[in-house]
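Okay, so here's the structure we're looking at.
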Amino acid sequence: MPETMTPTKTKASTVKSDAPPTGRKRLVKGNEALALGALAGGCECFFGYPITPQNEIPELLSGWMPKLGRVFLQAESEVASINMLYGASACGHRAMTSSSSPGISLMMEGLSYIAGAQLPCVLINVMRGGPGLGNIAPSQSDYFQACKGGGHGDYRCIVLAPWNAQEMFEFPGSAFELADRYRMPVFVLTDAVLGSMLEPATVPDLEQLPPPPKMDKPWATTGRGNRSHKNVANSLYLVPEDLTEHNERLQAGYREALREVRYDTRYLEDAEYVVAAFGISARVGYSAVNMLRKQGLKVGLFRPITLWPFPEKALAELARKVKGILTFELNCGQMVEDVRLAVNGVCPVEFYGVAGGVLPAPEDVANVVRKMMK
Amino acid sequence: MRDEDIAVVEEMECVFSRPEALTDKAFHYCPGCTHGIVHRLVAEMIDEFKLMDRTVGVCPVGCSVLMYDYFECDMIEASHGRAPAVATAVKRTDPNRFVFTYQGDGDLASIGMAETVHAAARGDRITIFFINNGIYGMTGGQMAPTTLIGQRATTSPSGRDERLTGAPIGICELLSSLKGVAYLARVPLTSPKNLKDARKHMRKAIRAQLEDKGLGLVEFLSTCPVQWKMEPIAAMKHIDENVVKVFPPGVFVDCVGDLQK
Ligand SMILES: Cc1ncc(C[n+]2csc(CCOP(=O)(O)OP(=O)(O)O)c2C)c(N)n1
Ligand code: SF4
């Protein structure tokens, strides 16, 4: 794991800033950073059900949120949690849940309803090994679920993948911004290592947190008040032409969200080979890249930050300049499908991955790159 | 119309009209179905308590799935069975709201049982209107958890067999042990007198929320003449003669009390 990081060359996003810069640098655990980031990002209510390895998030929020006059509720299940998110979001509140893989699976029906009703909300998935009960070790096996649906129907979620504690703090706030801007659900997709790792990050103290922003959501079902018409949160369109039109409306929104694509690159100027990885694998991959650079090998890193929208244009351009791309993931090959689609045969794309909770060492990744270079 | 007729109309007193909380859209329910009656009762209550501006209703999946078209208040269409969870969040994020759910027996007592029990256990300040017609109306007459023993449904073609599928679930009996419930009553919708009782129960189930006492629920013994394959009047008789024996009407929990006159 790299001890220090070179400044991120992050592609400019339309999100103004990830989080207020106030705070002090201290050691913070990934899950704690997520919880703090949610509060700094204006999370007004949290609903969730315990599951390892993300329990610090609800545990911390259960103490903090009531003190800040915000709503925390431990739900009876993930099914209830996501439907609570639906209700709170329909009423215009910034609502969040956090869970880990099996719990996220249980939320898929509700997520589809939220997407269908065009409601913003934030879900954190601290991924663990699957399928089934799997284990509680780190994994990236829910890439498909987050990026390609999971629930029924043609919907999309924006998916943000942090790779260090600083981003774990910043991304929940970005997620709320994006969710509100496009009225769609946003995932922060992370894993058991990043969730439990202690790292230095600049984070505010609880007392420094700004109150949630006051936002005008004219569509919200707040109760009519003085409004001249009623509001309805709904995803039912019985007439086929109406549902077609609704789907087209959703797709138009998703096309707009494509502009939010974000990625991070290292040593690409002269790179001949590139490791493409997200989240924790990008950390391991970056260490491998640094090792190879020390040996004079021209290797770089490409790290998608938004997994949806996927940085396909940037990858397509990169493919024209390099001799090969190694996609490294903690799964059996999921993001690699998007990499191959983007690269479209222009350069070789290989895959290295392990599922089940084993975290390869930088040396393992470096070896695969060396083999590729032969 | 002639001028003198208009004059007569103007002199007349309006004694019955559509509650303000209902839109003018015609209900789509089958003849003899009691969903329409309960819609009207709910709307009357919203008017009576002057709650329109702060009401958020949560609709179920079932025959009443389109009820958001019939009500003037803000509405949320929940997924099948999850209305209590949705309502919990709507209420907790702003306790000043009046929040009700309207749910069938498949919705509330089968797929949504966990959400129902836990909202009740937590004492969430929501009001649940529970339409128990003992069958799945919308999907074509399948067996519900409330289907009577021996009753035919499309998935119990020779009548519900207790050994195979258990006995009907009494929601009021089940929930009455939970401390979070402040008002709980069951009423058949079979006569004007019973409708009067229904209004009384609804007032208290609403006051349970408005007076911050706990969850309120009214179970309406309802008809589904189409899936029961009965004439509307026979369906009403069936409730009075058979359904009430399995689901006895009455007040199960009352922590609300009477208003002082
Ligand atoms: C997750 C899910 N499962 C199943 C259904 C299909 N479904 C729609 S309504 C319904 C049951 C309706 O019965 P009830 O709740 O008693 O209401 P009624 O139609 O009798 O008023 C079912 C099973 C669904 N919409 N969603
Ligand atoms: S099917 Fe039954 S519950 Fe549904 S509208 Fe018709 S009578 Fe009413």
Side-chain angles (χ1 to χ4, degrees), chain A residues 44-47 49 65-66 69-95 97 107-114 116-117 119 121 151-152 212 219-238, chain B residues 20-23 28 46 51-61 64-101 111-122 124 126 138:
Chain A
E44 295 175 78
C45 45
F46 178 96
F47 307 96
Y49 186 79
M65 293 191 81
R70 308 188 196 184
V71 175
F72 173 92
L73 182 64
Q74 178 171 322
E76 62 271 32
S77 68
E78 290 85 353
V79 174
S81 310
I82 192 72
N83 284 285
M84 289 171 181
L85 239 66
Y86 178 59
S89 170
C91 295
H93 305 288
R94 283 194 161 176
T97 188
M107 295 185 190
M108 286 297 120
E109 183 207 32
L111 185 62
S112 168
Y113 277 71
I114 289 173
L119 296 175
C121 69
H152 57 285
W219 45 264
T221 55
T222 50
R224 273 180 70 154
N226 300 324
R227 218 188 309 121
S228 61
H229 60 279
K230 68 175 170 187
N231 281 342
V232 176
N234 178 35
S235 60
L236 178 68
Y237 294 84
L238 283 174
Chain B
E20 279 179 25
L22 283 183
T23 65
H28 67 278
I46 294 173
L51 290 169
M52 172 78 98
D53 58 338
R54 57 190 179 109
T55 295
V56 180
V58 186
C59 332
V61 178
S64 48
V65 70
L66 291 171
M67 74 179 287
Y68 54 80
D69 277 344
Y70 306 137
F71 280 75
E72 285 287 359
C73 52
D74 279 1
M75 299 290 271
I76 301 176
E77 175 56 56
S79 56
H80 193 27
R82 316 305 174 200
V86 174
T88 290
V90 174
K91 184 68 181 182
R92 285 182 186 236
T93 47
D94 185 353
N96 192 40
R97 292 179 185 127
F98 170 68
V99 186
F100 74 87
T101 74
I111 196 167
M113 182 62 110
E115 285 74 16
T116 306
V117 169
H118 285 277
R122 288 187 301 258
D124 269 298
I126 61 174
M138 189 194 209

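Proteins come first, then strands; the chains are lettered A, B, ... in the order of their sequence lines, and each starts at number 1.
- Contact count against chain B (heavy-atom pairs under 4.5 Å) is highest for A:Gly225 among A:Gly225, A:Ser235, A:Ser112, A:Ala88.
- Using modelled atom types, one finds no donor on one side chain facing an acceptor on the other under 3.5 Å when comparing A:Thr222 with B:Asp94.
- Of the possible donor and acceptor atoms, none in the side chain of A:Asn231 sits under 3.5 Å from a partner among the backbone N and O of B:Asp74.
- With a 4.5 angstrom heavy-atom cutoff, A:Cys91 touches chain B via backbone and side-chain atoms both.
- One distance of note links OG1 of B:Thr93 with CZ of A:Arg70; it measures 14.0 Å at 0.5 Å rounding.
- Between the NE2 atom of B:His118 and the CD atom of A:Gln74 there is a distance of 10.5 Å, given to the nearest 0.5 Å.
- Using a 4.5 Å cut-off between heavy atoms, A:Ile82 does not touch chain B at all.
- Contact annotation: the side chain of A:Asn234 never approaches that of B:Met75 to less than 4.5 Å [non-hydrogen atoms, C-beta and beyond].
- Taking CG of A:Leu73 as the start and CZ of B:Arg92 as the end, the distance is 4.5 Å to the nearest 0.5 Å.
- Taking A:Ala75, A:Gly87, A:Gly110 one by one and counting their heavy-atom pairs under 4.5 Å with chain B, the maximum is reached by A:Gly87.
- Distance OG/B:Ser79 to CG/A:Leu111: 11.5 Å, rounded to 0.5 Å.
- At a 4.5 Å heavy-atom cutoff, the contact between B:Val90 and chain A is made by backbone and side-chain atoms alike.
- No more than 12 heavy atoms of other residues, nucleotides or ligands shown are found within 6.0 angstrom of OH on A:Tyr49.
- Using a 4.5 Å cut-off between heavy atoms, A:Leu236 touches chain B through backbone and side chain atoms alike.
- No part of A:Ser89 comes within reach of chain B, as not one of its non-hydrogen atoms sits under 4.5 angstrom from that chain.
- Proximity to chain A (any heavy atom under 4.5 Å) is restricted, for B:Leu66, to the side chain, taken from C-beta onward.
- The two residues A:Gly223 and B:Val56 make their nearest non-hydrogen contact at N-CG2, 3.6 Å.
- A:Val71 touches chain B through its side chain: at least one heavy atom from C-beta onward sits under 4.5 Å away, while N, CA, C and O do not.
- Interatomic distance, B:Glu72 CD to A:Arg224 CZ, rounded to the nearest 0.5 Å: 5.5 Å.
- Taking both residues in full, the closest heavy atoms of B:Glu115 and A:Glu76 are given as CA-OE2, 3.3 Å, listed atom of the first, atom of the second, then distance.
- With a 4.5 angstrom heavy-atom cutoff, A:Ala95 does not touch chain B via any of its atoms.
- Looking only at heavy-atom pairs under 4.5 Å with chain B, the residue among A:Asn226, A:Val79, A:Asn83 that has the most is A:Asn83.
- For B:Thr55, the part lying under 4.5 angstrom from a heavy atom of chain A is the backbone only.
- For B:Phe71, the part sitting under 4.5 Å from any heavy atom of chain A is the backbone (N, CA, C, O) and nothing else.
- For B:Arg97, the part lying under 4.5 angstrom from a heavy atom of chain A is the side chain only.
- Heavy atoms only, all atoms of each residue included: A:Met84 and B:Ala89 are closest at O-CB, 3.0 Å.
- Put simply, SG on B:Cys73 and NZ on A:Lys230 are 7.5 Å apart, with the number rounded to the nearest 0.5 Å.
- Only the backbone of B:Asp69 comes within contact range of chain A, with at least one heavy atom under 4.5 Å from a heavy atom of that chain.
- Here the side chain of A:Tyr113 pairs no donor or acceptor atom with the backbone of B:Glu77 at under 3.5 angstrom.
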